[in-house]
Amino acid sequence: MIYDNRVVAFIDILGFKSLLNETLDKNGNDNEPAIDSLISAYSTIRKIWDLDDETGSLSYAPATTKRVSIFSDCVVISFKVEQPSEVFFTLLEIKWLIMELLGKNIICRGAISLGKMIHTENYLFGPALVEAYMLESKAALYPRVILDSSIIDASLKDNLQYSKTTDAKIIVQSLLEQDSDGMFYIDYFYKAHSELNDPEYDFPSYIDNLGNLIRKGLMGSSQPSKSDIRIKYSWMRERFNQMVERVQSKDAIARLDASGDSTLANFYINLKKISPSKYRKFI
């Protein structure tokens, strides 16, 4: 057996210990609703990658080299680098995962690397997996899934099955934002809009839920002993506020007014940023 050259994503569910603690009450008895909630999160992962689908009824041709492994609070997804279109599809699936877990008040972090790896039903190891793990734990830092330019460059070799006219790199970058440290990450803030069932009307609900999750996270991490958690939610607050600026831009509001959608226009006009100092009063 020899290594494959694979793109590998390592995803870590954040706050998993707290989620586990909630599955038991103070007397050590099972908390069934909390257990069911955790099972629901696992079911979401399995559903996104059709791990329980034996009918072959996927919405697009599956990648024959793609493998997905779940263990404890981690998910590993990988595929051979030459697999057509898989850079885009895998980034999109990870974006769906992030958004679905946010709906369950769960945040995650991860990294994507490129290199040598063996990923089968029985074996999971290789330098690329170690690199993805190290990037996730040492460089991702915040609730984001990061990747460097090598992954984007790999998309240039894609023979994208769904588009013959659009540049592959542009399609891949439509899912990403570049952070202040130069790393690209999968954008689940403003660019979540395009992945909702009814983007125009579902996006306000998505924004509300995301904002409430961030506020709750900031409030719950106000003690000095939880400063590491507060840093994560502060990063989310900054990206949330950047999203608010985009949806409140004059052009965005003008487009809604021109379409006669005054209700949506008023929602965005009245949307509040999350204050960087408000929740510090709980310290």
Side-chain angles (χ1 to χ4, degrees), residues 1-12 45-51 53 56 58-71 74-98 108-140 144-179 181-188 191 194-195:
M1 183 177 289
I2 62 173
Y3 282 123
D4 293 325
N5 196 30
R6 301 181 76 89
V7 174
V8 52
F10 182 92
I11 313 294
D12 181 27
I45 299 170
R46 301 189 67 83
K47 182 179 179 181
I48 286 174
W49 280 284
D50 298 291
L51 299 183
D53 184 4
L58 301 180
S59 59
Y60 61 89
T64 56
T65 71
K66 179 175 280 187
R67 298 288 184 269
V68 180
S69 298
I70 306 170
F71 50 97
C74 303
V75 185
V76 175
I77 311 104
S78 79
F79 57 90
K80 288 185 179 180
V81 68
E82 65 269 19
Q83 182 70 45
S85 307
E86 268 314 300
V87 172
F88 171 79
F89 282 128
T90 300
L91 292 177
L92 182 59
E93 289 160 351
I94 294 172
K95 183 176 178 180
W96 293 342
L97 173 64
I98 295 169
C108 57
R109 183 177 69 192
I112 306 172
S113 67
L114 171 62
K116 293 182 178 295
M117 180 181 173
I118 289 175
H119 193 176
T120 69
E121 291 184 2
N122 299 317
Y123 305 110
L124 175 64
F125 64 89
L129 178 59
V130 174
E131 175 69 13
Y133 168 74
M134 293 302 295
L135 282 171
E136 181 274 327
S137 59
K138 303 296 183 182
R144 58 179 183 170
V145 177
I146 61 171
L147 56 151
D148 63 25
S149 58
S150 67
I151 308 301
I152 298 175
D153 291 341
S155 70
L156 297 177
K157 301 176 183 179
D158 275 358
N159 176 23
L160 290 175
Q161 299 166 349
Y162 54 89
S163 176
K164 295 181 180 179
T165 58
T166 306
D167 181 86
K169 187 173 183 178
I170 293 175
I171 295 174
V172 168
Q173 287 183 324
S174 70
L175 301 173
L176 309 174
E177 281 292 333
Q178 191 168 20
D179 218 335
D181 60 0
M183 298 298 296
F184 288 92
Y185 68 96
I186 298 173
D187 181 17
Y188 57 91
K191 292 181 180 178
S194 61
E195 303 309 321

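By convention here, the first residue in the shown sequence is residue 1. In what follows, every heavy atom counts, from backbone to side chain, and hydrogens, waters and symmetry copies are set aside.
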Glu93 and Lys66, any side-chain heavy atoms less than 4.5 Å apart: yes

Heavy-atom pair of closest approach, residues Met183 and Leu147: CE-O, 3.8 Å

side-chain contact (heavy atoms from CB on, under 4.5 Å) partners of Ser174, counting only residues at least two apart: none

Pairing residues for Glu195 by the side-chain contact (heavy atoms from CB on, under 4.5 Å) criterion, not counting sequence neighbours: Leu92, Lys95, Trp96, Met99, Leu175

Counterpart residues, ring pair (Phe, Tyr, Trp, His ring centres under 6.0 Å), relative to Tyr185 (two or more places apart): Trp235

Partners meeting salt bridge (Lys or Arg N to Asp or Glu O under 4.0 Å) with Lys116 (sequence neighbours left out): none

Exam field: side chain Lys191 to backbone Leu176, donor-acceptor pair closer than 3.5 Å: yes

Sidechain-backbone polar pair: Asp179 side chain, Asp181 backbone, donor-acceptor under 3.5 Å: no

Distance-minimising heavy-atom pair for Lys80 and Thr65: N-OG1, 3.0 Å

Salt bridge (Lys or Arg N to Asp or Glu O under 4.0 Å) partners of Arg6, counting only residues at least two apart: Asp4

Distance-minimising heavy-atom pair for Cys74 and Asp12: SG-OD1, 4.1 Å

Side chain proximity check, Leu91 to Ile112, heavy atoms < 4.5 angstrom: yes

Which atom pairs, donor and acceptor, lie under 3.5 Å between side-chain atoms of residues 121-132 and protein residues at least two apart or in another chain?
none

Heavy-atom check, side chain of Thr90 versus side chain of Val7, under 4.5 Å: no

Heavy-atom side-chain contact between Ile118 and Ile2 under 4.5 Å: no

